[in-house]
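Here the structure comes first, spelled out in structure tokens, and everything after it is commentary.
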There are 2 protein chains.
Amino acid sequence: MDAKILCLAALSQGDASGYEIRKIVKSGLLGHSRDIGYSSIYPALSCLLNDGLASVTKYSQIGRPGKKVYRLTPDGRMSLLGALKKPTEVDKTRSDFLFRMLFADILPPSVVEQMIDTKLREIEATLARIDTSADAGFESPGEAFVGGYAAAIQRAMANYIADNRHQLVGSFPGPSNKVRS
Amino acid sequence: MDAKILCLAALSQGDASGYEIRKIVKSGLLGHSRDIGYSSIYPALSCLLNDGLASVTKYSQIGRPGKKVYRLTPDGRMSLLGALKKPTEVDKTRSDFLFRMLFADILPPSVVEQMIDTKLREIEATLARIDTSADAGFESPGEAFVGGYAAAIQRAMANYIADNRHQLVGSFPGPSNKVRS
DNA sequence: TTATACATGTAACTAGTTACATGATTGA
DNA sequence: TCAATCATGTAACTAGTTACATGTATAA
């Protein structure tokens with residue numbers, strides 16, 4: 001299970017509850033390599049406990065549900081290191097945007113325009129997120145590298161789209177009737 | 001099911017068997033947005049048949065298993081167009097490479113070097129694949145856009161890695177003993 | 001002779017998502 | 001007052017992968 005390794009990774013940077021791990025992944029640099037939901041995190045954490053890779057401390061809070069803060073055990077750190085050393089899997093991208101763009105010529109131009117604008121806003125949001133991480137300060141050379149890498153790619157996307165979107169709309173004829181033939 | 005739309009998309013560019021669809025996705029531009037295996041394709045194709053979105057013709061071949069070539073019906077084309085018009089989902093990247101690089105400082109430098117070299121080779125292979133598609137000629141402005149986009153991003157990755165890999169290895173002290181503490 | 005390409009399909013398994021269940025606090 | 005944030009967890013479902021089953025032809 002991949003969620004386990006992700007939790008191990010998140011916890012290696014500091015103790016956290018399941019809820020906090022989600023936030024770390026969603027808003028931090030870890031999120032550039034993977035995504036994960038609560039329903040994967042909570043079972044994964046139980047699993048880590050079972051395997052002796054993490055320990056837990058329960059905190060009661062007033063007017064809030066109790067918080068369970070997890071901490072890596074030495075075994076947990078070893079296990080993470082072992083997982084990190086394994087050969088990498090091939091990177092995968094699942095881009096609904098590119099999928100749609102492949103068929104730009106059979107879609108109404110306004111729809112294509114909208115998809116492009118949505119993508120550009122997405123890129124802006126990602127860049128803003130990276131800036132936030134950068135402002136908080138990178139704590140390792142790895143984090144700085146990943147932040148820079150992610151930013152470079154987002155910028156390359158934005159530039160390419162800005163330079164080439166005219167190819168998709170405007171120069172070409174009609175929309176929907178093309179597909180019906 | 002996503003595999004259905006992918007098959008619809010592949011078939012919209014010409015009749016094909018399940019085996020051929022796999023090849024189209026793996027080696028063509030469609031593969032930059034999604035991946036898929038045989039065991040997703042064959043059930044998806046049966047489904048398309050059931051729903052009247054595709055028709056099939058069986059060819060016997062000497063010394064080869066019989067081939068079932070699928071063709072989109074008009075309903076199939078409409079269905080594809082409908083799916084394409086829907087708002088796009090957010091693009092997702094699952095990068096084992098970035099995940100590992102985040103922890104470069106606790107990995108042995110040689111391991112990090114190897115991961116970087118593997119990633120660079122991966123990029124080369126992807127660029128070569130795009131070139132092959134380009135040489136075969138793009139048949140729509142969408143294909144040209146996607147080919148260019150994918151190439152631009154791969155180049156941005158390679159450039160960033162070339163310019164910044166020194167941050168990860170060399171300047172920093174030790175490997176494995178750091179994690180044991 | 002060994003691996004790869006050709007070609008289709010099912011069964012079992014893995015991993016992840018969505019929806020459900022519960023409920024106080026805080027900010028707009 | 002309405003949405004969002006805090007906080008944990010389960011059940012049901014979706015989607016995809018790996019392994020299995022079968023077998024010929026061709027290129028290295």
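By convention in this document, chain letters (A, B, ...) are assigned in the order of the sequence lines, proteins followed by strands, and residues within each chain are numbered from 1. Model, not experiment: these values are computed from the prediction.
- The CG-P distance, from A:Asp96 to D:dA15, rounds to 14 Å in whole Å.
- If you measure from atom CD1 of B:Ile41 to atom C1' of D:dT18, you get 15 Å, rounded to the nearest angstrom.
- Residues B:Phe145 and A:Tyr160 bring their aromatic ring centres within 6.0 Å.
- When rounded to the nearest whole Å, the span between CD of A:Glu89 and P of D:dT18 equals 9 Å.
- Residue A:Arg94 contributes atom CZ, which lies 13 Å from atom P of C:dG16 at whole-angstrom precision.
- Sorted by first and then second residue, the pairs that involve residues 3-28 of chain A and meet ring-ring contact (aromatic ring centres under 6.0 Å, His included), not counting sequence neighbours, are A:Tyr19-A:Tyr38.
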| note | Each nucleotide of nucleotides 6-12 of chain D classed B (base within 4.0 Å of a protein heavy atom), S (only sugar-phosphate) or -, in 5' to 3' order, makes BBBBB--

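- Side-chain N/O atoms of B:Ser40 include one lying less than 4.0 angstrom from OP1 or OP2 on D:dT17.
- Note: the hydrophobic cluster containing B:Leu8 does not contain B:Tyr42 (ILVMFWY, side chain heavy atoms under 4.5 Å, direct or indirect links).
- In this model, the phosphate group of D:dA15 is not approached by any side-chain N or O of B:Arg34 to a distance below 4.0 Å at OP1 or OP2.
- A salt bridge links A:Arg34 and B:Asp96; the closest N-O separation between the charged side-chain nitrogens and carboxylate oxygens is under 4.0 Å.
- For the pair A:Ile24 CD1 and D:dT5 P, the computed distance is 17 Å after rounding to whole Å.
- Here the C1' atom of nucleotide C:dC6 and the CZ atom of B:Arg22 are 14 Å apart, to the nearest Å.
- Taking the side chain as every heavy atom from C-beta outward, A:Phe138 and A:Val146 never approach each other to under 4.5 Å.
- For residues 11-25 of chain B, the set of pairs meeting the salt bridge (charged side-chain N to carboxylate O under 4.0 Å, His left out) definition, not counting sequence neighbours, comprises B:Asp15-B:Arg71, B:Glu20-B:Lys67.
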